[in-house]
Engineer: 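Okay, handing you the structure first.
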Amino acid sequence: MECFRIAVAGVCTMGTQSLLNAFVSQYYPAHVRSTGIGLANGVGRLGGMVGPTLGGVLLGMKAPIFMCFVAFALPGVIASLAVLCVRKKKRGIAVAGQEVETLFT
C-alpha cells in the first residue's frame with residue numbers, strides 16, 4: 001500500500017508542475033512571461049531539492065510514514081490555496097490594431 005501512495009504522490013507532483021507552467025504562461029503578459037515561468041520553475045526546483053532532504057531528516061528521526069506524508073502534503077495544500085487566491089484579470093486582446101477588453105477565463 002505504501003508503494004501505491006508513493007507512486008500517486010510522484011505522479012501528482014509531476015503533473016502539478018506541468019499544469020502550473022501552463023497557468024503561469026497564460027497569466028503573465030507576453031513581455032514578462034518567460035520571467036514568470038522561470039520563477040515558477042525555480043521555486044519548483046527548490047522544492048525538488050528540499051523535499052528529499054526533508055524526507056531523509058524525517059526518516060532519520062524515525063518519524064512514522066504517515067507523518068512523512070503529512071509533511072509533504074502541507075506544501076501542496078498551501079500551494080493549491082495560493083493558486084486559488086490568484087484573481088482573474090482582464091486581458092486585452094489586439095484585434096486589427098485596437099485593444100479590446102475581454103474577461104480572462
Side-chain angles (χ1 to χ4, degrees):
M1 188 66 176
E2 299 299 328
C3 291
F4 176 73
R5 290 181 189 167
I6 291 170
V8 168
V11 168
C12 291
T13 301
M14 296 305 292
T16 301
Q17 185 65 41
S18 299
L19 289 173
L20 280 176
N21 285 339
F23 173 77
V24 169
S25 70
Q26 291 183 2
Y27 184 76
Y28 284 104
H31 66 281
V32 293
R33 188 168 294 149
S34 62
T35 302
I37 292 172
L39 180 64
N41 282 331
V43 171
R45 297 288 180 190
L46 181 64
M49 291 183 286
V50 172
T53 305
L54 175 63
V57 168
L58 290 173
L59 291 176
M61 294 175 12
K62 304 220 186 301
I65 296 294
F66 176 76
M67 290 306 295
C68 294
F69 278 105
V70 169
F72 287 115
L74 284 177
V77 169
I78 292 169
S80 62
L81 290 174
V83 168
L84 288 174
C85 290
V86 173
R87 290 186 358 195
K88 293 181 180 179
K89 64 176 184 153
K90 289 189 176 185
R91 182 176 177 180
I93 299 176
V95 176
Q98 296 177 346
E99 196 75 17
V100 177
E101 290 293 323
T102 60
L103 186 62
F104 179 70
T105 56

Engineer: Can you list the residues that meet the side-chain contact (heavy atoms from CB on, under 4.5 Å) rule with Phe69, with sequence neighbours excluded?
Structural biologist: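 Residues passing side-chain contact (heavy atoms from CB on, under 4.5 Å) with Phe69: Glu2, Arg5, Ile6, Ile65.
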Engineer: Indicate the atoms forming the closest heavy-atom contact of Ile37 with Val24, along with that distance.
Structural biologist: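 Distance-wise, the nearest heavy atoms are N-CG1, 3.6 Å.
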Engineer: Please tabulate, for the side chains in residues 73-81, all donor-acceptor contacts under 3.5 angstrom to protein atoms that are two or more places apart in sequence or on a different chain.
Structural biologist:
{"from": "Ser80", "atom 1": "OG", "to": "Gly76", "atom 2": "O", "distance (Å)": "3.3"}
{"from": "Ser80", "atom 1": "OG", "to": "Val77", "atom 2": "O", "distance (Å)": "2.8"}

Engineer: Under a 4.5 Å cut-off applied to non-hydrogen side-chain atoms, are Leu20 and Val83 in contact?
Structural biologist: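 SC-SC contact between Leu20 and Val83 confirmed.
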Engineer: Do Leu39 and Leu46 share a hydrophobic cluster, counting only Ile, Leu, Val, Met, Phe, Trp and Tyr and linking them when any side-chain heavy atoms are less than 4.5 Å apart?
Structural biologist: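 Cluster IDs for Leu39 and Leu46 differ.
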Engineer: Without placing hydrogens or testing angles, list every side-chain donor-acceptor pair under 3.5 Å for residues 48-64, not counting sequence neighbours.
Structural biologist:
{"from": "Thr53", "atom 1": "OG1", "to": "Met49", "atom 2": "O", "distance (Å)": "3.1"}

